[in-house]
Structures are given as structure tokens and as C-alpha cells.
Visitor: 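Sharing a structure, written as C-alpha cells. Questions coming.
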Number of protein chains: 2
Amino acid sequence: MRANFSIAEENYIKSIYHLQQATGEVNTNALANHLNTKAASVTDMLKKLQAKNLLNYLPYKGFKLSREGNKAAVMIIRRHRLWEFFLVDKLHFNWDEIHEVAEELEHIRSKKLIDKLDEFLGYPKFDPHGDPIPDSNGKIDELKQLPLANLPVNKQAIITSVLNQSNELLAFLSSRNIAIGTVLEIKDKLPFDNSVEIKFKNKQSINISEQVAKAIQVNPL
Amino acid sequence: MRANFSIAEENYIKSIYHLQQATGEVNTNALANHLNTKAASVTDMLKKLQAKNLLNYLPYKGFKLSREGNKAAVMIIRRHRLWEFFLVDKLHFNWDEIHEVAEELEHIRSKKLIDKLDEFLGYPKFDPHGDPIPDSNGKIDELKQLPLANLPVNKQAIITSVLNQSNELLAFLSSRNIAIGTVLEIKDKLPFDNSVEIKFKNKQSINISEQVAKAIQVNPL
DNA sequence: ATTTATTTTTAGATTTGTCTAAAAATAAAT
DNA sequence: ATTTATTTTTAGACAAATCTAAAAATAAAT
């Protein structure tokens, strides 16, 4: 059966998914708050999602996404994150400007569009915030993101995001060819200033200050 | 005042614009037919557009877009055609697959998104169907499209579209570096087979058969 | 174990965009 | 110039998504 949900339904599905991920538990009020709406509206929609088998919902008891609802959520998130990647990588948006626009783009439901966009972008694994992008089958690289400063020595990792978005830092990183997706490992941690000696796959090594190493988020491979 | 219309409103505005362009006159039934809806629904929406000063509407007498409505229409068309260009040029969609998707993308109303997309695409002047793309001020290169076969000798023109979408023809054209946007002129028309001798801006000349010259649509410069 | 507070759901109204069926205005035809 | 046909508009209903206010269920507190 062809999945085809309204924009409102998709926003609920996505919010439930995120709240489940973040807190394990979701309740009506939390969801209403997250969606900037009222609890009564949430109840109405829960019943609708239940009727569509996207949700396991027992009045007053609680609710969570069904297997099918989960699948739908993952595909919405795939669309959102691919568009975010596009906006930053191709259109050169800043990281703080993309969310709103991606929020609209994510609702364009053409499987072909998204798969072709994915191909065009080079099958990126992480969006500009470092969150993993589900593949076309809905598989997600589970991410255990940590600051580069906390990465064990000699453990390979991939850069997934940078917390500090200052132009100075971004310019510094780009001058060193450090970007999201760069693979590196720490060869040494220098105790007197907490700077780290990192080595790229091309064997080149450079030294990074503690502040920078804390801002760079990585995902161990 | 920030223009912000619903998707339904935008679809009406766009349809009225297109029908005005095509036939000069629009009436309620024609618009209902074009939008795949009913005349009563059209009347309702006309009143709403009138209230927003997008339309000059006199019940029973007729209606047409106001200056402001026209401006809105042009911006919607700009979005639609830029996305169509993107789909073909970047994502390699075929020309017959893009309309539906562009129909959805056109409603994402972020001026910044569209202007950045325009820049990314290299400020294209024509969409893949050869229709002109309005610039960010709403200015349109008015198009008097004609088959290359009918272009006068020694008159420069730009290729705006190709009628026949067969793979063979597209392959032939691409092997000769002929594409949408290519600037050329006819140096000679050979009467015995109606083939034409065309010359590119780089001074190179080749011969094109009558069939091909009829399929290539150009816009005189 | 009641009372009190919180959370969730119902009941009923509202807005947007649509519809059908009937009425009103305009156009065409005898 | 009436009658007939066509077009357009009104009137009233409906579905989706939302809201406020009140009721019901559950949880917390004395």
C-alpha cells in the first residue's frame, strides 16, 4: 500500500519519533508542546494515526509508533536531512538557516526525487548537524557522537559536525581541509595544553587546540 | 507587506495567469476545468483573491489578475521553472517526469532558497521546456520561440527546447555539443534537402537535417 | 482513602477548501 | 421580445485540522 500522509500527519509522526528517541516516553502534553499546538488537537490526531495503523494507542494509557509508523518517520527524516545537506553543501546556506526550509521540503513525497537527490549528493551519511541520514531502505547508521577531544588515541573516527559555527573557526577548519566526513585519528594527546595531534588518512598530521577539539564532533568507526 | 499565500491560492493564481496568457480571456468554467474542480469552488476562491487585492473581480462580469496578482504569479512560475531546471540539469530527470514534482516544489516559499537555487544553477534563462524563467525581480525574457528550421539566415538565436525527446536525437545532439542554451545562427539553407548549415559562437559549423532543424526550438536574440 | 492536582479526552465551534443542488444573471435562438 | 440554454453565483453541507471550555480518568498528596 502506497504511503501518503498529510503534512500535519507527517509532522506528528516525526515529532513522536524524535520524542521517543530522546526520552523513551512521550505523552500528550509533551507532544502538544513540541508541535506548538494544544493537547485536544493531539488527541484527535492520535486517533487518526491509530486508525491508519501508524500508532499503538490506548486512550489515557499511552501511545507509541507502530512498526509501520516508525518506518514512515524514518523516511520523513531521510528527506529532511538530505535536503539539509543539499542546502548547506550545494546552496551554501549557513547551518542555522536550514531548518525551516527543510521543514517544508521534507513533505515533498516523491521517492524518485529523494533517491535521485541522494545520488546527486553522493550518498551522504550525515547531515550538517552530524545526524545520520537513513538510506533508501530506511537503515540508519546509529551514531554515538562525541567531541574529538574525548576520542581515544589511535581510534579512527569521522567528523559529523562542528558545534561552534563562528566564521573564524569554519575558515580555520577549511584551510586545514577539515570538513564533515573527514576521517582522522588521534595520535597523541599533549597533557600540558590538552591539544591533540591528529592524523588524516593521507598520513598528514597537524596539531589542534583543546577548544577546537571540543567543538569538533566525531563518530568512531 | 510579506506575500504569503496558501497552496490553493497559489494554484489559482498560477492557473489564471496561464489562461490569461494563452487565451486572453478566462472564465469561471474554464478555470474550474483547468484546476480540475467545480465552478462553485472557483467562485468562492475568486472572492477570496479579490479580498486580498490579487484580482479585479466583478460578479457575473469577469475577472483578471491585478498588478499585484500578476507579480505573485510570476514568482510562482519562477519557482516552478527553476525547480524544473534543477530536476533535469542536476538530478537527470526526463522532461516528462518533472511537472508533478515541480508542482509541489513551487509552493515552498523562501525567497532566499529560490535566489540561492538560481545562483547554483547559473541563472538559467529557460526551463527544460524552453519557457523563460523570470529573474528575481520578476522580469521575463519574452519568448518568441520558433523551430530552428524557420530561423532567418544570419540571425543569432538560443536553443530553448527540443520537441522530440527520443534518446537517439538527444544522443545525437549531445555528441555535437548542442544543448539548451547553445547560441547559434544559420549560415545557409540548402534547398535540395532543406538541411541547414549552422555555426556556433566558437566559429565551428555543422550541417543539420530538416527533421532535426524542425525539432529544435530557438529564441532569436 | 479521600481530597487535590495533573493529564487526557470529549463536546462543540471555527477556518479553509471543497462539494451538490438550486437560484440568478447573462447569452443565444427562435 | 420571449423562450431556451449556458454560465455564474448562492445556499447549505462536509472533511480536515485546529481551538476553547468542560468533563473524565489517572496520579499525587495528605
Side-chain angles (χ1 to χ4, degrees), chain A residues 2-16 19-20 22-65 69 72-73 76 103-104 106-107 109, chain B residues 2-16 19-20 23-65 69 72-73 76 103-104 106-109:
Chain A
R2 250 319 202 53
N4 212 3
F5 311 117
S6 73
I7 290 176
E9 285 167 345
E10 288 195 347
N11 284 331
Y12 275 88
I13 293 166
K14 197 181 52 155
S15 282
I16 296 168
L19 290 173
Q20 277 183 188
T23 63
E25 285 277 303
V26 200
N27 60 7
T28 306
N29 274 339
L31 186 50
N33 189 57
H34 194 253
L35 281 161
N36 239 311
T37 183
K38 296 293 144 66
S41 310
V42 169
T43 300
D44 287 348
M45 185 59 92
L46 292 180
K47 285 192 271 189
K48 204 185 302 186
L49 296 177
Q50 154 89 328
K52 293 196 177 186
N53 294 313
L54 297 167
L55 205 65
N56 299 318
Y57 167 60
L58 288 170
Y60 291 108
K61 291 262 305 190
F63 56 90
K64 67 175 176 181
L65 288 174
I76 298 163
E103 207 71 11
E104 292 197 53
E106 76 186 3
H107 298 298
R109 28 188 151 20
Chain B
R2 254 307 205 58
N4 212 3
F5 311 116
S6 73
I7 289 176
E9 285 168 345
E10 289 195 346
N11 283 331
Y12 274 88
I13 293 166
K14 195 180 54 155
S15 283
I16 296 169
L19 289 173
Q20 277 184 187
T23 65
E25 285 278 302
V26 200
N27 60 8
T28 306
N29 275 338
L31 185 51
N33 188 56
H34 193 255
L35 282 162
N36 241 312
T37 183
K38 296 294 145 64
S41 309
V42 170
T43 300
D44 287 348
M45 185 58 94
L46 293 179
K47 285 191 273 189
K48 204 185 301 186
L49 295 177
Q50 154 87 331
K52 293 197 177 186
N53 294 314
L54 298 167
L55 204 65
N56 300 316
Y57 168 59
L58 288 170
Y60 291 108
K61 292 261 307 189
F63 56 91
K64 67 174 177 182
L65 288 175
I76 297 163
E103 207 71 11
E104 293 196 52
E106 75 186 4
H107 298 299
I108 291 165
R109 26 188 155 19

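Every chain is numbered from 1 and lettered A, B, ... according to where its sequence line falls, protein lines coming before strand lines. Predicted model only: the values in this text are computed from it and were never measured. All heavy atoms count here, side chains included; hydrogens, waters and symmetry mates do not.
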Visitor: Would you say a side-chain N or O of Tyr57(B) is under 4.0 Å from OP1 or OP2 of dT8(D)?
Guide: no

Visitor: Which ones in residues 37-47 of chain B lie close to DNA chain C, meaning a heavy atom under 4.0 Å from one of its atoms?
Guide: Thr37(B), Lys38(B), Ala40(B), Ser41(B), Asp44(B)

Visitor: Would you mind classifying the nucleic acid contact of Phe63(B) as base, sugar-phosphate or nothing, using non-hydrogen atoms under 4.0 angstrom?
Guide: nothing

Visitor: Output yes when at least one side-chain N/O atom of Asn29(A) is less than 4.0 Å from OP1 or OP2 of dT6(C), else no.
Guide: no

Visitor: Report yes if the side chains of Leu49(B) and Ile16(B) come closer than 4.5 Å at any heavy-atom pair, otherwise no.
Guide: yes

Visitor: Can you check whether Tyr60(B) has a side-chain N or O nearer than 4.0 Å to OP1 or OP2 of dT6(D)?
Guide: no

Visitor: When you measure from the side chain of Glu10(B) to the backbone of Ile76(B), do you find a donor-acceptor pair of N or O atoms at a distance under 3.5 Å?
Guide: no

Visitor: Under 3.5 Å, is there a donor-acceptor pair between the side chain of Arg109(A) and the main chain of Asn4(A)?
Guide: no

Visitor: Looking only at heavy atoms, what is the nearest atom pair of Thr28(A) and Ala39(A), with distance?
Guide: CG2-O, 3.8 Å

Visitor: Starting at atom CD of Glu25(A), determine the distance to atom P of dT8(C), rounded to an integer number of angstrom.
Guide: 11 Å

Visitor: In terms of side-chain heavy atoms of Thr28(B), which of dT18(C), dT8(D), dT8(C) is nearest?
Guide: dT8(D)

Visitor: Kindly give the heavy-atom pair with the smallest separation between Ile13(A) and Gly69(A), and that separation in Å.
Guide: CG2-O, 3.7 Å

Visitor: Reading 5' to 3' and counting Watson-Crick or G-U wobble pairs with both distances under 3.5 Å, write the dot-bracket notation for DNA chain D, | for bases paired outside the strand.
Guide: ||||||||||||||||||||||||||||||

